[in-house]
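Input: one structure, supplied below.
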Amino acid sequence: NHVSSICSTWGREHFKTFDGDVYQFPGMCEYNLVSDCHDTFPEFSVHMKRNENDGNPTVSYVVVTITDFAFHLSKDVVTVNDLPVKLPHYEAGVQVERNAVYIKLQSKVGIIVMWNLDDAVMVEIDNDYTNRTCGLCGDFNGVPVYNEFLLDGRKISPIEFGNIHKVHRPNDDCEDPYEEEDVSQEQNTCEEMLHAETWSSCTKLIDPEPYIQACVQDMCGCTNHSDDFCVCSTLSEFSRQCSHAGGEPPNWRTSEFCAIQCPFNMVYEESGSPCVDTCTHQDTSSFCEDHKMDGCFCPPGTVFDDISMRGCIAQSECQCKHGKIYESGEVYRQEREECTCFEGRWACESLSTPSTCAVEEGSHVTTFDGKDFTFHGDCYYTLAKVERKDDASPTFTILVKLVPCAHQEYDTCLKTIKILLNNDRHNVSLIPGSCFK
């Protein structure tokens with residue numbers, strides 16, 4: 001259960017602080033979601049801005065600043081210090097990647113930011129930042145209400161609290177939201193959904209009442225109640241919080257209600273491992289330490305084809321890649337190795353290749369292991385001796401006779417080669433000749 005280290009925002013205007021407060025703030029300006037406010041030079045900050053898309057608020061961008069690097073996340077492009085980058089991207093201890101549902105930024109300073117490219121942003125921070133943060137996510141002191149909604153000894157509204165954290169930009173004419181009177185509430189519909197038996201694993205861990213109220217706010221703010229957005233965003237957030245708390249949210253979506261389309265033949269699940277097994281990394285989920293999240297996953301018994309991008313396939317259909325793509329069973333050969341593609345993995349074995357020992361120009365010797373040296377001699381020398389494995393008797397011995405060259409001072413010539421078979425001095429092959437190189 002790591003709910004207490006997570007802050008989130010979703011839907012039309014909903015926020016959950018690290019300390020568990022759920023409140024509504026409909027601001028459409030750029031706001032400080034969370035910053036490290038303990039030091040003069042903060043380690044990080046996360047800003048966000050909403051705008052309206054077909055009448056529904058959506059997050060238009062998220063800006064994460066870590067030391068001297070500003071990561072600007074939008075639906076179309078990710079920039080680092082105003083320069084576009086290609087995902088996945090690694091820089092200055094920060095990893096930015098994208099899957100079918102989320103853009104995820106993770107930093108070594110102890111912060112994770114996830115955005116579903118629509119209405120929901122989640123920030124998770126290390127416990128090292130306890131009582132050190134500020135922004136719409138609160139101060140992370142473990143005490144609800146205290147410090148967030150108290151100012152100079154008086155209790156303040158979520159609207160006033162939110163306006164405090166507006167980021168003022170030059171030429172920004174964004175207006176602050178104002179207090180509105182409560183509107184009639186459609187309590188029954190939201191209660192029926194979140195108090196259903198299918199959510200029992202979640203309601204035992206997470207108090208559903210703040211989310212029921214958020215759902216009511218969404219439905220009251222919708223002009224068209226047939227619009228899924230009126231209820232889907234808060235149900236989705238409650239499902240995510242359930243996963244963070246260690247619960248098992250139900251697969252509550254249908255093809256007619258809050259449906260999410262996944263690419264390829266992937267399927268959407270409310271809670272699954274974010275570490276995806278692929279043809280090139282088939283054991284990723286086995287070593288995964290990340291918390292479960294909602295998203296698009298491959299059906300059981302399949303892995304994602306990250307080589308030919310064919311979607312989810314059986315592991316036995318995985319290809320291999322080495323310069324080009326090899327089908328399972330195909331062989332790749334190089335100088336001293338033969339590799340066979342087997343279900344996405346290479347099975348390699350060394351090839352037995354002949355080794356060479358040589359004497360060149362009478363004095364330049366190359367060993368079987370490829371070492372070179374120079375030797376000037378005037379006698380018989382053992383060039384090589386090979387023994388049997390079953391006894392100590394040599395199978396053969398090669399002797400060479402080196403002598404000074406007659407016509408070249410300080411040079412050596414190869415005079416004679418003798419091959420002695422089976423240690424039998426009567427069984428000698430002699431290669432005579434005058435001085436030759």
Over all atoms of both residues, closest heavy-atom pair of V46 and F44 =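 V46 and F44 have their closest heavy atoms at CG2-CD1, 4.5 Å.
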query = Considering only heavy atoms from C-beta outward, does the side chain of R50 approach that of T9 to under 4.5 Å?
reply =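 Of all side-chain heavy-atom pairs linking T9 with R50, at least one is under 4.5 Å.
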ask   = Checking T254 side chain against E256 main chain: does a donor-acceptor pair fall under 3.5 Å?
value = yes
query = Can you tell me if N141 uses its side chain to pair, donor with acceptor, with the backbone of N131 under 3.5 Å?
reply = no
inquiry  = Taking the six-membered ring for Trp, are Y129 and F18 closer than 6.0 Å centroid to centroid?
reply    = no
remark   = Here the pair of heavy atoms bringing D119 nearest to G11 is OD2-N, 2.6 Å
query = So, for C7 and L33, which heavy atoms are closest and what is the spacing to 0.1 Å?
reply = SG-CD1, 4.5 Å
ask   = Can you check whether S285's main-chain N or O pairs, donor with acceptor, with D277's side chain at less than 3.5 Å?
value =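 Checking the backbone N and O of S285 against the side chain of D277, a donor-acceptor pair under 3.5 Å is found.
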key: Check: F161 ring centroid to Y23 ring centroid under 6.0 Å   =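 Here the rings of Y23 and F161 have centres that are less than 6.0 Å from each other.
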request  = Return the minimal non-hydrogen interatomic distance between S328 and E343, and the atom names on each side.
outcome  =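 Scanning both residues completely, I find the closest heavy atoms to be OG-N, 3.2 Å.
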message = I need the S239 OG to N251 CG distance, nearest 0.5 Å.
response = 8.5 Å
request  = For Y332 and H322, work out which heavy atoms get closest and say how close.
outcome  = OH-NE2, 2.8 Å
message = Side chains of D306 and T280 only: does a donor on one sit below 3.5 Å from an acceptor on the other?
response = yes
request  = Give the intermediate values and the outcome of ring pair (Phe, Tyr, Trp, His ring centres under 6.0 Å) for residues Y31 and F25.
outcome  = CA-CA 11 Å; Y31 297 94; F25 175 66; 5.0 Å; yes
inquiry  = Under a plain distance cut-off of 3.5 Å, with no hydrogens placed, do E97 and Q95 share a side-chain donor-acceptor pair?
reply    = yes
request  = State, with a plain yes or no, whether a side-chain heavy atom of V94 is found less than 4.5 Å away from one of Q106.
outcome  = no
request  = Return yes if some donor-acceptor pair links the side-chain N/O of T17 with the main-chain N/O of D19 below 3.5 Å, else return no.
outcome  = yes
message = If you apply the rule ring pair (Phe, Tyr, Trp, His ring centres under 6.0 Å), what do you find for F375 with Y381, and how did you get there?
response = CA-CA 11 Å; F375 174 73; Y381 300 93; 5.1 Å; yes
ask   = Does CD in E248 sit with more than 12 non-hydrogen atoms of other residues, nucleotides or ligands closer than 6.0 Å?
value = no
ask   = Is D283 paired with R345 through a side-chain N to carboxylate O contact shorter than 4.0 Å?
value = yes
message = Between Y102 and D294, do the side chains contain a donor N or O and an acceptor N or O under 3.5 Å apart?
response = yes
Sidechain-backbone polar pair: S107 side chain, V109 backbone, donor-acceptor under 3.5 Å = yes
K371 charged N/C atom sitting above F373 aromatic ring, 6.0 Å / 45° =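 Geometry flag: not set, cation outside 6.0 Å or 45°.
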Side-chain touch H47/V62, heavy atoms, less than 4.5 angstrom =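 A side-chain contact under 4.5 Å is absent here.
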Minimum side-chain heavy-atom gap T367-C357 below 4.5 Å = no
ask   = Can L194 and L235 be said to form a side-chain contact (heavy atoms from CB on, under 4.5 Å), step by step?
value = CA-CA 8 Å; L194 287 180; L235 287 177; 3.4 Å; yes
query = Between Q213 and P210, is there a donor-acceptor pair closer than 3.5 Å when you use the side chain of the first and the backbone of the second?
reply = no
query = Under 3.5 Å, is there a donor-acceptor pair between the H14 and D218 side chains?
reply =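 Yes, side-chain donor-acceptor contact under 3.5 Å.
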key: Side chain proximity check, N32 to L136, heavy atoms < 4.5 angstrom   = no
Salt bridge flag under 4.0 Å for residues R154 and E160 = yes
query = So, do W10 and Y211 have ring centers that fall under 6.0 Å from each other?
reply =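 Yes: the rings meet the under 6.0 Å criterion.
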inquiry  = Is there a side-chain contact between M114 and M293 in this structure, where contact means two heavy atoms from C-beta onward sitting under 4.5 Å apart?
reply    = yes
ask   = Salt bridge between K166 and D176, side-chain N to carboxylate O under 4.0 Å?
value = yes
task = Indicate whether any N or O donor in one side chain lies under 3.5 Å from an N or O acceptor in the other, for E327 and Q319.
result =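 Checked: E327/Q319 side chains pair up, N/O donor to acceptor below 3.5 Å.
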note = Residues A314 and T302: closest non-hydrogen pair is N-CG2, 4.4 Å
request  = Would you check if there is a donor-acceptor pair between the side chains of H72 and T79 at a distance under 3.5 Å?
outcome  =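 Distance-only check fails for T79 and H72.
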task = Determine the sole option in K75, E30, K49 for which the side chain to side chain donor-acceptor pair (under 3.5 Å) test with Y61 is passed.
result =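 Looking at K75, E30, K49, the match for Y61 under the side chain to side chain donor-acceptor pair (under 3.5 Å) is E30.
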Polar side-chain atom of S236 near backbone of C232 as donor-acceptor pair, under 3.5 Å = yes
key: Carboxylate-amine/guanidinium contact E270 R240, below 4.0 Å   =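 Looking at E270 and R240, the cut-off is not met.
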query = Are side-chain heavy atoms of R253 and I260 found at a separation under 4.5 Å?
reply = yes
key: Parallel, tilted or perpendicular: ring planes of W252 versus W199, cut at 30 and 60 degrees   = tilted
message = Distance alone, cut at 3.5 Å: any donor-acceptor contact between the side chains of Q241 and E237?
response = yes
ask   = What do you reckon, is NE2 of H89 surrounded by more than 12 foreign heavy atoms closer than 6.0 Å?
value = yes
remark   = SG (C215) and CD (E192) are apart, to the nearest 0.5 Å, by 10.5 Å
ask   = Any luck finding a side-chain donor-acceptor pair between D139 and T133 under 3.5 Å?
value = no
ask   = Under the 3.5 angstrom rule, does the side chain of D305 hit a backbone N or O of I313 as a donor-acceptor pair?
value =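 Here the side-chain-to-backbone pair does not exist.
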key: Pair K104 + D290, salt bridge at N-O below 4.0 Å   = yes
message = Do W346 and C341 make a side-chain contact, defined as non-hydrogen atoms from C-beta onward lying under 4.5 Å apart?
response = yes
